[in-house]
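Input: a single structure, listed below in structure tokens.
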Amino acid sequence: MTEKKESLKHVTTKVLYALKQKGEKITMLTAYDFLTAKFLDASGIEVILVGDSLGNVIQGNETTLPVSLEEMIYHTKIVKRAVKNAIVVADMTFMSYQVGVKEAITNCGRMMKETGCDAVKMEGGDYIAETVRRVVEIGIPVMGHLGLTPQSINKFGSYKTRGTDKEEAEKIFKDSLLLEKSGCFAIVLEKIPAKLGTKISRALKIPTIGIGAGPDCDGQVLVTHDMLGLVEDFKPRFVRHYANLAAETKEAFKKYIKDVKEKKFPTKDESY
Ligand code: KIV
């Protein structure tokens, strides 16, 4: 039997755990295509999430609910092809893991076997705990996701902050303990009060990855299209723009159109 060659830089779930213990923040961003994944990996990101947010930013849907397992498999395969060092985590889609343990195992197994991803992510607390336990048991690492879980948007009725009242905060806290006990290697905490993010991050041994969950989470994640300033009509408080690519891209398109119309492109030098 040959052992998988482990390059020194290859990130594993154990590396993430060690980063938390060292107090070094974990970085995670989304990718759905080859080039973005390649750039992220080359930049030294630790976790690349093939998020079902592709339903919003790639497919133009209002929610993540319509994304199919086949579509996630398609994008995850492409991302995985570009990545050498980071952990690639694939989102399990709405209704691909909620029906029952057997179906969840089949679908998570398909995701891992067909894409070569390193882990899967599932949204939810106590109602998926047994599923997480069984999926982890067969060798598939699972990242949890609590707080504003977008697949439950129809139950929530809005994208407002979760866990602002005592009862819901307590439920999210208990769910985080349960997910850790069930075998999750990390948990995304989305849009919850910073105080709750701190409490959970301190209580868990596994890393928390925050998105609108305050500065004390063990790592941070953003949707890449948001942080690059590509999505113009979505600017929640937790998104910081590290570039303004929407404006730059539109400017480039306009310049190209102008050059072609004015017969300035291509020149002789750009011809054969
Ligand atoms: O789908 C996604 O991109 C996510 C992140 C927002 C955490 O779940």
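For ligands, and for the atoms within them, numbers begin at 1 and follow the listed sequence.
Between Tyr32 and ligand 1, no N or O atom pair is found at a separation short of 3.5 Å. For ligand 1, the polar-atom distance check finds an N/O of Lys121 within less than 3.5 Å of one of the ligand's N/O atoms. Residue Thr30 has no nitrogen or oxygen atom sitting less than 3.5 Å from a nitrogen or oxygen atom of ligand 1, judged on distance alone.
Here the heavy atom of the protein found nearest to atom 2 (C) of ligand 1 is Ser53 OG, 3.3 Å. Summary of contacts: the protein heavy atom closest to atom 6 (C) of ligand 1 is Ile211 CD1, 3.7 Å. Ranking the protein heavy atoms by distance from atom 4 (C) of ligand 1 puts Leu49 CD2, 3.5 Å first.
Of all atoms in ligand 1, listed by their number and element, those nearer than 4.0 Å to a heavy atom of Asp52 are 1 (O). Near Asp91, with a cut-off below 4.0 Å to any heavy atom, the atoms of ligand 1 are 1 (O), 2 (C), 8 (O). When each atom of ligand 1 is checked for a heavy atom of Gly51 under 4.0 Å away, the hits are 1 (O), 2 (C), 3 (O).
Considering every non-hydrogen atom in both His145 and Leu148, the closest pair reads NE2-O, 3.8 Å.
Note that Arg81 lies outside the cation-pi zone of Phe34, set by a 6.0 Å cut-off to the ring centre and a 45° limit from the axis. Geometrically, Lys205 does not engage Tyr17 in a cation-pi contact defined by less than 6.0 Å to the ring centre and at most 45° from the axis.
Of all the heavy atoms of Val223, the ones lying under 4.0 Å from any atom of ligand 1 belong exclusively to the side chain. Neither the backbone nor the side chain of Leu222 comes within 4.0 Å of ligand 1, counting heavy atoms alone.
Between Lys171 and Glu167 there is no salt bridge, since none of the side-chain N atoms of the basic residue sits less than 4.0 Å from a carboxylate O of the acidic one.
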So Asp33 and Thr36, side-chain hydrogen bond (donor to acceptor under 3.5 Å, both in side chains) or not? Walk me through it.
-> CA-CA 6 Å; Asp33 66 284; Thr36 309; 2.6 Å; yes

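Between the side chain of Asp218 and the main chain of Thr208, a donor-acceptor pair closer than 3.5 Å is present.
Hydrophobic cluster membership differs between Phe39 and Ile48, with clusters built from Ile, Leu, Val, Met, Phe, Trp and Tyr side chains linked at under 4.5 angstrom.
Close to ligand 1: His145, with a non-hydrogen atom less than 4.0 angstrom away.
Atom NZ of Lys38 has 12 or fewer heavy atoms from other residues, nucleotides or ligands within 6.0 Å.
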